[in-house]
Amino acid sequence: MGAEQIFILACLAQVSGLCWIMERKEKRIQASIKKAEKRRKEHLHDYYCTQEAERLYNKFKRSEGGLDNEQISA
């Protein structure tokens with residue numbers, strides 16, 4: 001094997017190593033984005049549930065006898 005072939009082989013090995021590293025970084029970034037999106041959705045759901053519970057509680061406090069099924073669904 002000549003010096004040129006060895007040099008080209010070394011360059012190809014280095015480039016493939018860099019590609020592997022970049023692919024790993026990209027996968028980590030995508031996983032981080034997915035995790036953040038999941039946390040955001042969970043937070044929004046928790047916020048909605050809290051607001052709905054507060055709305056029902058306030059409605060209950062305003063009513064005299066408590067809630068019936070029609071009041072809860074409104």
Side-chain angles (χ1 to χ4, degrees):
M1 203 180 269
E4 273 185 39
Q5 291 173 328
I6 291 174
F7 176 75
I8 291 173
L9 187 60
C11 288
L12 288 174
Q14 191 173 19
V15 168
S16 75
L18 289 174
C19 288
W20 180 78
I21 289 170
M22 293 305 290
E23 286 176 3
R24 254 180 77 194
K25 285 183 178 182
E26 184 65 28
K27 285 180 183 178
R28 283 187 195 158
I29 290 168
Q30 291 301 323
S32 176
I33 290 171
K34 278 185 178 181
K35 188 185 266 188
E37 181 67 20
K38 183 180 176 188
R39 279 194 315 266
R40 187 184 73 78
K41 285 181 181 179
E42 288 171 353
H43 175 73
L44 288 174
H45 178 73
D46 290 348
Y47 179 76
Y48 169 78
C49 290
T50 302
Q51 294 298 312
E52 185 65 10
E54 182 180 357
R55 184 185 72 79
L56 290 173
Y57 176 74
N58 289 335
K59 195 172 195 177
F60 176 76
K61 279 182 22 182
R62 284 192 307 264
S63 69
E64 303 254 321
L67 296 176
D68 60 17
N69 287 336
E70 288 180 15
Q71 289 176 317
I72 291 174
S73 63

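All residue numbers refer to positions in the sequence shown, counting from 1. Keep in mind that this is a model prediction, so the values were computed, not measured.
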What is the distance from atom [atom1] of [X] to atom [atom2] of [Y], rounded to the nearest 0.5 Å?
X	Y	atom1	atom2	value
Ile29	Lys25	CD1	NZ	8.0 Å
Cys49	Glu52	SG	CD	8.5 Å
Leu9	Ile6	CG	CD1	8.0 Å
Arg28	Lys35	CZ	NZ	12.5 Å
Lys41	His43	NZ	NE2	15.0 Å

- Item | Heavy-atom side-chain proximity of Trp20 to Ser16 below 4.5 angstrom | no
- Message: When you compare the side chain of Arg55 with that of Lys59, does any pair of heavy atoms fall below 4.5 Å?
- Response: yes
- Task: Verify, without hydrogens or angle tests, whether Thr50 (side chain) and Asp46 (backbone) share a donor-acceptor contact under 3.5 angstrom.
- Result: yes
- Item | Note: Glu37-Lys34 ion pair, threshold 4.0 Å (strictly below) | no
- Do other residues, nucleotides or ligands put more than 12 heavy atoms under 6.0 Å from Glu42 CD? yes
- Task: Using a cut-off of 6.0 Å, state whether more than 12 heavy atoms not belonging to Glu4 lie near its atom CD.
- Result: no
